[in-house]
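A short write-up of the structure that comes next.
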Amino acid sequence: MNSGKRKKTGTANGYSTKSEVIEEAIKRGIRKGLYVDRLPSVFALAEELHVNFKTVHKAVVTLVKAGILESSRGRGTFVTPKGAELVEQLGSGEESGERLVLFFMKAGGDLYGRMYECMVSRLNKAHLFPVVIREGNESDILRSLGRLNPAALVIDREFKEFPYELLQKMDKGDLRIVFLHRMESDLQIHADYVLSDNVYGGYIATRHLIELGHERILHLNVKLDPLPPPMIYRHTPASQVAEGYRLALQEANLQQNERCIFEAADKKDSQEKLRAALADPATRPTAIFAHGDFRIVNALGIIKEFGLKVPEDIALVGYYNTSHCEHFEVPLTSVSIREDELARIAAEKIISRSTDRERILVKPTLVIRQSSGAK
């Protein structure tokens, strides 16, 4: 029988309902500068705080009633002037510390979620706190920077709207700029570059298949057209992985067997290209290496159409080693970019306060599972 009482959850500060715990988490986020102006969506907050979106919605409604937040249909939820006062408390009391701005397109998911969590845990121990900005135009970003006076900017190039030319005017003084995972421009910015060596990643994946005896290796990739400025294609992970693929073929004197399918905006067209590549048993590839595990997922249905078995008829290798790899019907061999190591180095660069600026390439590793046919 339901007693009508709210379910209690144990916390370090006593017992609270789950929604009250989230209320406090949002308040702490405001105090630390994590939420400035507009809050992420309820679904994004639920992913960030690892709870059900209904719990987050209930907490937001309570904070709106308390005047800390305000909601506007079609625009989102915002911190009120009363809530902004909490932000002004940053730098005093037990939660004092410097402010860190993390420019991530997102802070969740397999790749970015792990990178974000690793980095934030290290920074928090050094009393550095994150502000996650997922979107915004130049004026929004300038306003946030002026209001928060950050100690550092950590930027992943996935945030395509960021005005990168602005950084050339901001690379003086104590502000630390760190590019994490990728940087796809020729802009000369005084910053630390902690990047994934995607050329090496493409090389080790292809070399693994060659060592298993494969000579006809199909590479699935993508080429954005047009690229958003100031992105340059030769610097994109897709281009770098393809370069590594070609290097491995050349080293094995198999360059004449190079075969790439570049995914188009029209997915149907990309699927037809793959069907055409698999149609003739005499020229059919015996292995597929894809830039992105999800491209292997998309290819599996077509592979099954031809009655091909993995890895007996066709070996498969993906990229990014997402959590899905172990749950494939045949667990997927995939390249790990070692996102924890990328995040660790970037965090240490900020914590050290060194005036030196470095460019560091983190070499990926190959996580071998059954799909590639390795014994």
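As a basis for the values below, the full set of heavy atoms in this structure was taken, side chains included, without hydrogen atoms, waters or symmetry mates.
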I want to check something: taking the side chain as every heavy atom from C-beta on, are Met119 and Val154 in contact at a cut-off of under 4.5 Å? yes
On a heavy-atom basis, the closest approach of Ile204 and Pro364 is CD1-O, 3.8 Å
Is it the case that over 12 heavy atoms from other parts of the model lie below 6.0 angstrom from the CD atom of Gln256? yes
Phe294: ring-ring contact (aromatic ring centres under 6.0 Å, His included) partners, not counting sequence neighbours: none
Run Val317 and Leu209 through side-chain contact (heavy atoms from CB on, under 4.5 Å) and show every step you take. CA-CA 8 Å; Val317 176; Leu209 291 168; 3.8 Å; yes
Counting N and O atoms only, with roles assigned by atom type, does the side chain of Arg216 sit under 3.5 Å from a partner on the main chain of Arg284, one being a donor and the other an acceptor? yes
Inter-residue atom distance Ser41.OG - His57.NE2, 0.5 Å rounding: 13.0 Å
Check whether any side-chain heavy atom of Gln255 sits under 4.5 Å from a side-chain heavy atom of Arg246, and report yes or no. no
List in chain and number order the residues that pass ring-ring contact (aromatic ring centres under 6.0 Å, His included) with Tyr200, two or more places apart in sequence or in another chain; answer none if no residue qualifies. none
Distance, nearest 0.5 Å, that separates CZ of Arg38 from CD of Glu70: 13.0 Å
For a salt bridge (charged side-chain N to carboxylate O under 4.0 Å, His left out) check, start with the C-alpha distance between Glu23 and Lys27, then their side-chain angles and the critical distance, and finish with the verdict. CA-CA 6 Å; Glu23 288 168 34; Lys27 289 177 183 177; 5.1 Å; no
Tyr203: partners by ring-ring contact (aromatic ring centres under 6.0 Å, His included), with sequence neighbours left out: none
Within the side chain of Ser19, is there an N or O that forms a donor-acceptor pair under 3.5 Å with the backbone of Thr55? no
Give me the atom names and distance for the closest heavy-atom approach of Ala315 to Ser372. CB-O, 3.6 Å
State, without any angle test, whether Arg338 and Asn321 hold a side-chain donor-acceptor pair at a distance under 3.5 Å. no
Is the closest basic N to carboxylate O distance between Arg234 and Glu243 below 4.0 Å? no
Heavy-atom distance under 4.5 Å between the side chains of Ile210 and Leu254, does that happen here? yes
If we ignore hydrogens and angles and just use 3.5 Å, is the side chain of Glu117 paired with the main-chain N or O of Met115 as donor and acceptor? no
Spatial distance of atom CZ (Arg122) from atom CD (Glu348) [nearest 0.5 Å]: 5.5 Å
According to ring-ring contact (aromatic ring centres under 6.0 Å, His included), who are the partners of His219, at least two apart in sequence or on a separate chain? Tyr245, Phe289
Under 4.5 Å between any side-chain heavy atoms of Val335 and Thr365, yes or no? no
If I compare all heavy atoms of Thr286 with all of Glu215, which pair ends up nearest, and what's the gap? OG1-N, 4.4 Å
Around atom NE2 of His235, are there more than 12 heavy atoms from other residues, nucleotides or ligands closer than 6.0 Å? yes
Residue pair His291 / Tyr320, side-chain heavy-atom distance below 4.5 Å: yes
Hydrophobic cluster mates of Leu300, side-chain heavy atoms under 4.5 angstrom, ILVMFWY only, any path? Leu218, Leu220, Ile261, Leu274, Leu278, Ile288, Ile296, Val297, Ile302, Ile303, Phe306, Leu308, Val310, Ile314, Leu316, Phe328, Val330, Leu332
Do Ile345 and Leu128 belong to the same hydrophobic cluster, where Ile, Leu, Val, Met, Phe, Trp and Tyr are linked whenever their side-chain heavy atoms lie under 4.5 Å apart, directly or via other members? yes
Would Lys65 and Val61 satisfy side-chain contact (heavy atoms from CB on, under 4.5 Å), going step by step from the backbone distance to the final call? CA-CA 6 Å; Lys65 289 179 179 178; Val61 168; 3.8 Å; yes
Do you know which two heavy atoms are closest between Asp192 and Asp356, and how far apart they sit? OD1-O, 3.8 Å
I would like to know whether Arg344 and Asp340 meet salt bridge (charged side-chain N to carboxylate O under 4.0 Å, His left out); could you show each step before the answer? CA-CA 6 Å; Arg344 180 191 67 78; Asp340 288 357; over 6 Å; no
Are the side chain of Arg357 and the backbone of Ser354 linked by a donor-acceptor contact shorter than 3.5 Å? yes
One pair to check against side-chain contact (heavy atoms from CB on, under 4.5 Å): Phe262 and Cys260. What are the steps and the verdict? CA-CA 6 Å; Phe262 290 101; Cys260 296; 3.7 Å; yes
Just to verify, which of Asp293, Asn198, Asn221 counts as forming a side-chain hydrogen bond (donor to acceptor under 3.5 Å, both in side chains) with Tyr319? Asn198
Check whether Ser239 reaches the backbone of Thr236 with its side chain - one donor and one acceptor, N or O, closer than 3.5 Å. no
Can you check side-chain contact (heavy atoms from CB on, under 4.5 Å) on Leu195 and Val362, steps first, answer last? CA-CA 6 Å; Leu195 309 176; Val362 175; over 6 Å; no
Quick one: closest heavy-atom pair of Ser323 and Arg114, and the distance? N-NH1, 4.4 Å
So how far is it from Ile360 CD1 to Asp197 CG, rounded to the nearest 0.5 Å? 12.5 Å
Would you tell me whether Ser71 and Thr77 have side-chain atoms, one donor and one acceptor, within less than 3.5 Å of each other? yes
So, taking the atom named CD in Glu263 and the one named CD in Gln271, what distance separates them when rounded to the nearest 0.5 Å? 9.0 Å
Report yes if some heavy atom in the side chain of Leu175 is under 4.5 Å from a heavy atom in the side chain of Leu153; otherwise report no. yes
Donor-acceptor pair, distance only, cut-off 3.5 Å: does the side chain of Ser72 make one with the backbone of Arg75? no
May I ask whether Leu39 and Phe78 are part of the same hydrophobic cluster, defined by side-chain heavy atoms of I, L, V, M, F, W, Y residues being less than 4.5 angstrom apart, directly or through others? no
Under 4.5 Å between side-chain heavy atoms, hopping through other hydrophobics if needed: is there a path connecting Ile232 to Val222? no
May I ask whether Phe53 and Val60 are part of the same hydrophobic cluster, defined by side-chain heavy atoms of I, L, V, M, F, W, Y residues being less than 4.5 angstrom apart, directly or through others? yes
So Gln370 and Glu329, do their side chains get closer than 4.5 Å, heavy atoms only? no
From OH (Tyr193) to CZ (Phe179), nearest 0.5 Å: 5.0 Å
For the side chain of Thr333 and the backbone of Arg369, is there at least one donor-acceptor N/O pair under 3.5 Å apart? yes
Restricting to side-chain hydrogen bond (donor to acceptor under 3.5 Å, both in side chains), what partner residues turn up for Arg275, sequence neighbours left out? Glu272, Glu305
Heavy atoms of Pro311 and Ser371 approach each other most closely as CB-O, 3.2 Å
Can you confirm whether the side chains of His181 and Ser196 place a donor and an acceptor under 3.5 Å from each other? no
Should Val241 and Ile368 be regarded as members of a common hydrophobic cluster, given that ILVMFWY residues are connected when their side-chain heavy atoms come within less than 4.5 Å of each other, either directly or indirectly? yes
Under 4.5 Å between any side-chain heavy atoms of Leu249 and Thr206, yes or no? yes
